[in-house]
Amino acid sequence: MSESSSGTAASAPAAAGGANKTAADARFLRIENLVKEFDSVVAVDKVSIDIRKGEIFALLGSSGCGKSTLLRMLAGFETPTSGRILLDGRDIAQIPPYERPINMMFQSYALFPHLSVWDNVAFGLRRAGLPKDQVADQVEKMLGLVQLKQFAKRKPHQLSGGQQQRVALARSLAKRPQLLLLDEPLGALDKKLRERTQLELVGIIESVGVTCVMVTHDQEEAMTMASRIAIMSEGRILQIGAPAEIYETPNCRFVADFIGNVNLFKGKVVEDAADHVIVDTPECRHYVGHGITGTEGMEVSVAIRPEKIRITRERPGGAHDGFNCVEAEVADLAYLGSYTIYHLKLATGLLVKASIASVERLPDWQPTWGDKVFASWDEYAMVVLTQ
Amino acid sequence: MSTRPNWFGRGWLAAGYFFLYIPIVLLIVFSFNESRQDVVWRGFTLNWYRALIDDKEIIEGAILSLKIAFLTGILSVILGTFAAFVLVRYKRFLGRTAFSGMVNAPLVMPEVIVGLSLLLLLVSLQNTAAFSWLNRGMFTILIGHALLGMAYATVVVQSRLQEMDRSIEEAAMDLGCRPGQVFFLVTLPNITQALMSAFLLTFTISLDDVVISQLLSGPGSSTMPIVIFSRARLGLDPRVNAVATITIVVVTIAVIASSLYLARSERRRQKEISAAFSAEAAS
């Protein structure tokens with residue numbers, strides 16, 4: 001993974017998936033230089049994304065980052081200030097929402113309170129002017145898909161949150177849209193129900209085979225459900241990639257910090273070779289086992305995930321003795337069952353987080369408060385962030 | 001804090017209730033009074049109710065009032081809904097402030113002024129050839145009441161539209177509704193309760209309006225309040241007490257019935273919601 005830069009990543013899974021994926025499928029939904037301004041405030045700033053046919057794509061970002069505006073432009077509720085939205089080759093940016101082959105599942109579900117579950121699901125089919133028996137067939141099929149057949153006659157308020165969510169899903173899938181939009185699909189559910197529903201939802205979407213764009217602020221939700229994720233901040237896309245790619249090779253400090261936990265060491269590149277670089281930081285000297293696009297003397301940050309750090313009593317020897325190791329004192333620790341989080345205080349005052357998996361049931365030695373320890377990591381554990 | 005009952009507060013409460021309801025109680029009591037003239041109890045009788053049946057003026061006035069009130073309610077709700085929809089949904093258009101001010105003006109303007117200006121308008125219209133048919137009567141009263149009622153209906157519908165979840169309208173559009181269909185298929189069914197209360201409110205306002213009715217009524221078009229008003233000027237008439245008592249009884253029954261119905265359906269709704277959630281928790 002350390003060899004793949006984010007630029008070539010998009011084509012790699014497609015090639016692995018088989019040769020039958022055509023170029024048109026890879027650009028099924030093409031967003032080109034999309035801009036949305038509200039009274040001179042730029043909500044979405046020159047966003048370009050290509051979304052493959054059949055994939056679940058997540059827009060991830062904190063609130064106000066422009067992800068919802070982007071989704072609303074796909075649905076047709078907002079008109080782009082400039083840029084194009086191509087769905088299967090057709091520019092849909094100026095088409096009103098009621099003529100787009102796109103359906104959306106709303107965060108609040110937006111079920112029609114005055115209609116029964118059955119009529120809610122049938123609503124879109126009836127507007128399309130389908131004959132009665134076809135409407136009935138499709139509604140039955142959809143209710144079967146979300147396992148709500150026995151609730152067909154109920155009104156939305158007679159359903160629990162999870163059931164309402166499934167009605168909303170059935171309703172948005174009923175018209176067989178070319179593109180399904182999910183706005184914080186599980187945001188209104190409580191945590192326990194959310195975990196159970198995530199994979200269920202993915203299963204249903206994949207069984208239908210619809211291309212799906214979802215918006216979420218919950219990184220776990222995005223990583224569980226989506227095949228690719230776009231990280232958004234202040235209206236811009238910072239990185240697009242598969243969950244593992246974004247986690248293991250973030251391309252900037254914001255992404256590294258936004259997804260999971262990270263330790264950042266700020267320093268300078270002192271040796272820049274094709275297969276390795278050496279970065280000097282006040283804490284220690286880092287030997288990084290891959291080349292970077294940078295120059296000697298450049299200011300960079302070295303990012304290390306907490307789970308990639310080892311804690312030992314003795315200074316570890318090895319291939320790169322003297323590199324990638326700091327002396328520290330255990331300032332705090334939290335035992336969480338499957339792993340333990342350590343806060344290690346370095347001589348420079350920097351706090352380093354390390355999480356150690358509970359591999360052994362009763363280990364010989366466990367660091368405790370006040371212990372002098374050595375924290376170390378190997379040459380492939382790090383990512384050098386230039387921005 | 002002492003647990004001693006607060007006699008001062010209770011006294012005020014009692015005084016308040018006394019002040020509010022004693023006139024009504026007196027009116028009901030005296031509608032059964034045998035004496036015609038004064039406010040002295042002379043014995044129980046149903047004569048005034050019997051006399052009411054033969055009193056053509058009051059019966060006709062009541063029928064006219066009901067007709068006007070019914071039509072006012074319908075007209076006000078239709079016009080008020082349009083006005084409210086425009087005010088809530090379109091945040092920016094030329095003359096929005098002026099429009100919202102005009103819609104609300106009848107609420108704050110003294111009724112006499114509203115009635116008088118309408119009267120002036122009608123008289124000057126009548127002098128033109130095109131509107132010479134426009135005689136004062138039921139139609140002109142209806143116009144006056146609808147003007148007032150529309151303002152009230154707008155306020156009621158506006159607040160309902162404001163609290164309504166807009167995403168259900170977006171969902172309708174997303175599922176293929178054109179804007180017009182969205183209004184009739186989704187918006188309207190979800191504000192029916194507000195439309196009902198707006199109708200009842202404007203119906204009531206029209207039913208007991210004297211000022212505008214008086215100014216805009218013509219010969220032979222006296223609504224019930226006008227009849228009662230003119231009778232009261234000639235001295236106390238126990239038949240008026242009887243009419244008032246009937247009105248009070250009808251209104252009381254309607255209010256109690258509707259609040260019982262609302263309370264019951266709300267209870268049932270809450271029960272269904274908790275049933276839905278506990279069923280899921282059990283699964």
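Naming: A, B, ... by sequence-line order, numbering from 1 per chain.
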Query raised in the report: Is it the backbone or the side chain of B:Arg166 that comes under 4.5 Å from a heavy atom of chain A, or both, or neither?
Result: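 Neither part, no heavy atoms under 4.5 Å.
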Query raised in the report: Using non-hydrogen atoms only, which part of B:Glu169 is less than 4.5 Å away from chain A: side chain, backbone, both, or neither?
Result: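 Neither part.
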[X], [atom1] atom: more than 12 neighbouring heavy atoms under 6.0 Å:
| X | atom1 | answer |
| --- | --- | --- |
| A:Phe77 | CZ | yes |
| B:Phe82 | CZ | no |
| B:Phe93 | CZ | yes |

Quick one: pull up [atom1] in [X] and [atom2] in [Y] and give me the separation to the nearest 0.5 Å.
| X | Y | atom1 | atom2 | result |
| --- | --- | --- | --- | --- |
| A:Arg126 | B:Gln181 | CZ | CD | 13.0 Å |
| B:Leu188 | A:His114 | CG | NE2 | 9.5 Å |
| B:Asp174 | A:Arg171 | CG | CZ | 8.0 Å |

Query raised in the report: Which heavy atom in A:Arg127 sits nearest to a heavy atom in B:Cys177, and how many Å separate them?
Result: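 Nearest heavy atoms, A:Arg127 then B:Cys177: CD-SG, 3.4 Å.
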Requested in this report: For B:Ser167 and A:Ser108, work out which heavy atoms get closest and say how close.
Outcome: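 Heavy atoms only, the tightest pair is OG-OG, 3.0 Å.
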Where on [X] is there a heavy atom nearer than 4.5 Å to chain B: the side chain, the backbone, both, or neither?
| X | answer |
| --- | --- |
| A:Leu181 | neither |
| A:Leu115 | neither |
| A:Glu99 | side chain |

Query - Qualifying residue for side-chain contact (heavy atoms from CB on, under 4.5 Å) with B:Ile168, from A:Phe112, A:Tyr109, A:Phe106 - result: A:Phe112
Query raised in the report: For the candidates B:Leu185, B:Asp165, B:Val182, which exhibits the highest count of non-hydrogen atom pairs separated by less than 4.5 Å from chain A?
Result: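 Result: the option with the highest number of such pairs is B:Leu185.
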Query raised in the report: Does the side chain of A:His157 come within less than 4.5 Å of B:Gln270's, by heavy atoms?
Result: no
Query raised in the report: Between A:Arg72 and B:Glu170, is a salt bridge (charged side-chain N to carboxylate O under 4.0 Å, His left out) present by the stated rule, with each step listed?
Result: CA-CA 10 Å; A:Arg72 289 174 61 79; B:Glu170 286 181 343; 2.7 Å; yes
